[in-house]
Amino acid sequence: MKDDLHCIELVARLGEYLEGAMSTEERHRFEVHMEHCIGCHRFFVQLRLLRKALSAAVETDADECSPRLSAIFSDWKKARETRPGS
Amino acid sequence: LCASSSLNQEDELLAARVANGDEQAFAELVRRHQAPLLRFVRVFVRQPESIEDVVQDTWISLLRGIDKFENRASFRTWLYQIASNRARTHASRERRREEIKRMILAEVGEQAPVIDRDRFLPETAPEYPLHWAVPPFDWGDHPEVRLLSRETATFLKTEIDRLPPVQAAVVTLRDVEGLEAQDVSQMLSVSAGNQRVLLHRARAKLWRALELHLGEAT
């Protein structure tokens, strides 16, 4: 490796990089390392893929609206319709 | 990020329909957010029945305030602010605030490294010390197809539930629900730095689980 960054440090601190909590010099150091380290580059790419998969997971929740929550909605709607001025 | 902002817009359209009395739109919002809300409230409330009650109260508050919503904040930020207030009130009543603080700090200070130490060469290795000994496995040329499948979504949710509670909440709020870092820090009363640590730990654990999962199937 041409740089002085160890993979173990990059992996531990990649959260700071991803969250934009690093100085410009440190970002540069990380980027130089990832340009020629296949393992670290792959880890970075796979974390990005993981985040993509997690954000897609929101739509696939199959939980049904429980009868309790349906009842809450009905009560709310009724209360609202009978409220004067609505 | 793009996907999460378009989902946010969909939520806001659903909220507008709820304000007009559309029950289906309400059911859809519940379907989307019930499981993540339960995961968030679990940080503050211990009893499973009480967790459900707090989430239910959140939906009641949301309905009562929906006419005033008018997209001041994003729908999700608003939803979780309500849940956060409800959950904190509950935690104060149960005198659990100190216990929660300690639990959060314990998760931040976990001794185990983010990725197993044996994936890296020892410090004393003659060549490439502290570099990858076992680099991440190749996920193939088009991993998106599998990663964005329903099967992977179900797998990831099971894995999130196996994380320590605060890490599960942070990764759910940030990566599943797409909330901003500063909102999540505020909702959980953690510093920006600790929020980052918790998020990175959670992501690294999920990455490892996913790596094993994808490896098994090929």
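Residue numbering restarts at 1 for every chain, and letters A, B, ... go by the order of the sequence lines. In this text, all values refer to a predicted model and were calculated from it rather than measured experimentally.
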Novice: Taking all atoms of both residues into account, what is the closest heavy-atom pair of B:Ile66 and A:Trp76, and its distance?
Specialist: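 Closest approach of B:Ile66 to A:Trp76, heavy atoms only: CG2-CZ2, 3.7 Å.
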
Novice: Closer than 4.0 angstrom, basic N to acidic O: yes or no for A:Lys52 and B:Asp175?
Specialist: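 No, this pair does not count.
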
Novice: Would you say A:Val11 and B:Phe120 make side-chain contact, with heavy atoms under 4.5 Å?
Specialist: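 Of all side-chain heavy-atom pairs linking B:Phe120 with A:Val11, at least one is under 4.5 Å.
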
Novice: Going by ring pair (Phe, Tyr, Trp, His ring centres under 6.0 Å), name the residues that satisfy it together with B:His90, two or more places apart in sequence or in a different chain.
Specialist: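 Listed in chain order: nothing, the list is empty.
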
Novice: Side-chain contact test, heavy atoms from C-beta onward, threshold under 4.5 Å: evaluate it for B:Gln34 versus A:Leu69 and give yes or no.
Specialist: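 The answer is yes; the side chains approach within 4.5 Å.
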
Novice: So which heavy atom on A:Arg80 is nearest to which on B:Gly21, and how close?
Specialist: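 A:Arg80 and B:Gly21 have their closest heavy atoms at NH1-N, 4.1 Å.
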
Novice: What closest approach, in Å, do B:Trp132 and A:Gly39 show between heavy atoms, and which atom pair accounts for it?
Specialist: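 Closest pair (atom of B:Trp132, atom of A:Gly39, distance): NE1-C, 3.4 Å.
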
Novice: Looking at every non-hydrogen atom in both residues, tell me the closest pair between A:Ser70 and B:Glu23 and how far apart they are.
Specialist: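 Nearest pair, atom of A:Ser70 first, then B:Glu23: OG-OE2, 3.3 Å.
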
Novice: Heavy atoms only: give me the nearest B:His200-A:Arg13 pair and the separation to one decimal.
Specialist: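 Distance-wise, the nearest heavy atoms are NE2-N, 4.5 Å.
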
Novice: Minimum heavy-atom separation for B:Leu148 and A:Ala53, please, with both atom names.
Specialist: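 Taking every non-hydrogen atom into account, CD2-CA, 3.8 Å.
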
Novice: Contact part of A:Glu16 toward chain B, heavy-atom cut-off under 4.5 Å: side chain, backbone, both or neither?
Specialist: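 Answer is both: backbone and side chain atoms of A:Glu16 are under 4.5 Å from chain B.
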
Novice: Pull out the residues in residues 41-50 of chain A that come under 4.5 Å of chain B, heavy atom to heavy atom, sorted by number.
Specialist: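 Listed by number: A:Arg42, A:Phe43, A:Gln46, A:Leu47, A:Leu49, A:Leu50.
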
Novice: Within a strict 4.5 Å, meaning less than it, do heavy atoms of the A:Leu54 and B:Arg174 side chains meet?
Specialist: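 With C-beta onward as the side chain, the pair stays apart.
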
Novice: At a heavy-atom separation under 4.5 Å, does A:Leu10 approach chain B through its side chain, its backbone, both, or neither?
Specialist: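 Contact with chain B involves no heavy atom of A:Leu10 at all.
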
